[in-house]
Number of protein chains: 2
Amino acid sequence: MDAARLAATSPVDTAVSSIAAAIAKPARTRMLYSLMDGHARTGTELAIVGDVSPSTASVHLARLKSENLVKVFVQGRHRYYSLAGPSVARALERLSVLAGGPRRPFVPHTPEPLRAARSCYDHLAGAIAVSLHDHFVRSRWLESGRGNARTGAYVLTSAGTRAFATLGLDLDQARALRRRFAYACLDWSERRPHLGGALGAAFLALALSRMWLAREYDSRALTVTRIGHREFRTRFGLEF
Amino acid sequence: MDAARLAATSPVDTAVSSIAAAIAKPARTRMLYSLMDGHARTGTELAIVGDVSPSTASVHLARLKSENLVKVFVQGRHRYYSLAGPSVARALERLSVLAGGPRRPFVPHTPEPLRAARSCYDHLAGAIAVSLHDHFVRSRWLESGRGNARTGAYVLTSAGTRAFATLGLDLDQARALRRRFAYACLDWSERRPHLGGALGAAFLALALSRMWLAREYDSRALTVTRIGHREFRTRFGLEF
DNA sequence: CCCATACTTCGTTTACGGTCAAAGCATGGA
DNA sequence: TCCATGCTTTGACCGTAAACGAAGTATGGG
């Protein structure tokens, strides 16, 4: 076989090299595989995953992004990173096979309590929050506002105003805050929206004061109380 | 999500890191992808492929071997490297998808003339050589000798002795050479054995002198002449 | 307007590993 | 026994990039 032919280099080769190099460092490997569960994570979380400082993590994530291994979703001050697509997951899967870990659990492994209910800043998140959000929309308490596609903004309908007032929410106080009133906040364990903004915060505050939910000692997890079970079922049709 | 859980590192992660690192350098990437066609290549050939010196290639190949990405088959002074298994090919395939080369031709791309017939040191190789080998064995001209499993040694049967003598081969001269008389030499484009050793060399010399085959100007490729077509078909039942 | 949080950029240090030539084996063939 | 070939080992050199803290930027919320 002639040398010229053997030495011919495809541009794909160099691309593969740099992609493999992007995967190759332990910190980045850990970050990528932690994202295999389908959850998005913030830069700070991934710094912990990678066991490096936030600044180092930032560099790593920039690299992963430039190689199109992850995509980023900016929400407020947070940057949520997730795998760029199924093809990335498949490639990582194949590599893990070579690594002799034939079966690693690529299933979501968010702790159950956190998946069910947790706080997201000052509002409610998790499976329950997503169900509630769906109920609010289905009941026409909330409707898409201007620029909903971009900002996720919701407006409260008259039915919604009555309903939340009946619950005991102080809507005037919520509106007085200089912050977004209601918007669709992507829930990153459920991958569907839940209710954020002043209204979401007010609802969480109400649920806590009514003892529908209780805060866990040192995490963002929330527990649904016996009362909460009953109220969520009767008032909002939630099934547990 | 608590930090301890996020920071938990699986041993698979570090294995993936080092495997990815092994793939990551351009020289090694080129070597690996050149092996995707299923052909084994010698260290020297892979040095050319990787565009590095033989000594550097040796280091690279040692690394690929230690990561179980390639396996090596020693034949004489040559070390034939090939992908360690289908799982390696699959992983490389996935990576090339990420690299944006969705479809690269992972089919054998040995130049056709070389696939058909070429010299292997001093004997005949390629598709024709494999067919001939099969004919010799099927016709009971050759039978497995002592240690065939290890050395691939063949012994000539009395039928074989008569047949080759009839062809005009000087078997005594071939036997007089201080080299292996006949053995199964792995054909790396066909991945099946062809006839090597003194007998194989004598056969090639005969075929050339009878004008069944003609050498190409500057490669190992051999051309089957019109006469060769007829003779190979009538004498050995080869189909073209 | 100001603070707090999340993340990025910068500058420096450090270390890993890729590279080659030269010398050292090992094998095959004369 | 000797040489030629194929491959590996060694040793010196150099370049890339990973790491951190500190300083800078951006966003949200009071």
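In what follows, chains are A, B, ... by sequence order, proteins preceding strands, each numbered from 1.
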Please confirm whether any donor atom in the side chain of Thr56(B) sits under 3.5 Å from an acceptor in the base of dG18(C), or the reverse.
no

Is there a donor and acceptor pair, one atom on the side chain of Ser53(A) and one on the base of dA19(D), closer than 3.5 Å?
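Check fails, no donor-acceptor contact within cut-off.
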
Short side-chain to backbone donor-acceptor contact, [X] and [Y], under 3.5 Å:
X: Ser58(B); Y: Pro54(B); value: no
X: Arg28(A); Y: Ser17(B); value: no
X: Lys71(B); Y: Leu83(B); value: yes

Spacing of [X] atom [atom1] relative to [N] atom [atom2], expressed in whole Å:
X: Arg79(B); N: dA26(C); atom1: CZ; atom2: P; answer: 11 Å
X: Asp51(B); N: dG18(C); atom1: CG; atom2: P; answer: 16 Å
X: Phe73(B); N: dC7(D); atom1: CZ; atom2: P; answer: 14 Å
X: His60(A); N: dT8(C); atom1: NE2; atom2: P; answer: 13 Å
X: Leu64(A); N: dA17(D); atom1: CG; atom2: C1'; answer: 14 Å
X: Tyr183(B); N: dT27(C); atom1: OH; atom2: C1'; answer: 12 Å
X: His123(B); N: dG28(C); atom1: NE2; atom2: C1'; answer: 14 Å
X: Arg77(B); N: dC3(D); atom1: CZ; atom2: C1'; answer: 10 Å

Is the Tyr154(A) ring parallel, tilted or perpendicular to the His133(A) ring (thresholds 30°, 60°)?
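Because their plane-to-plane angle lies in the 30° to 60° range, the rings of Tyr154(A) and His133(A) count as tilted.
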
What heavy-atom pair brings Leu69(B) and Ala22(B) nearest, and what distance separates the two atoms?
CD1-CB, 3.9 Å

Would you tell me if any nitrogen or oxygen in the side chain of Arg28(B) comes within less than 4.0 Å of OP1 or OP2 on dG18(C)?
yes

Measuring from the side chain of Val59(B) (C-beta onward, heavy atoms only), which nucleotide among dC7(C), dT9(D), dT8(D) has the closest atom?
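Of all the options, the side chain of Val59(B) is nearest to dT9(D).
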
Looking only at dT8(C), dA19(D), dA6(C), the nucleotide nearest the Ala27(A) side chain is dA19(D)

Taking the nucleotide of DNA chain D with the nearest heavy atom to each, does Lys25(B) or Tyr81(B) sit closer to the 5' end?
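It is Tyr81(B) whose nearest nucleotide is closer to the 5' end.
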
With Leu46(B), the side-chain contact (heavy atoms from CB on, under 4.5 Å) member among Arg79(B), Arg41(B), Arg30(B), His60(B):
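Of the listed residues Arg79(B), Arg41(B), Arg30(B), His60(B), the side-chain contact (heavy atoms from CB on, under 4.5 Å) partner of Leu46(B) is Arg41(B).
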
Rounded to 10 degrees, the angle between the two terminal axes of the helix from dC1(C)-dG30(D) to dA30(C)-dT1(D), each from five pairs
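Computed angle between terminal axes is 30°.
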
Run the side-chain hydrogen bond (donor to acceptor under 3.5 Å, both in side chains) test on Thr42(B) and Thr44(B) for me, step by step, so that the C-alpha distance in whole Å, both residues' side-chain angles and the decisive distance to 0.1 Å come before the verdict.
CA-CA 5 Å; Thr42(B) 66; Thr44(B) 307; 4.5 Å; no

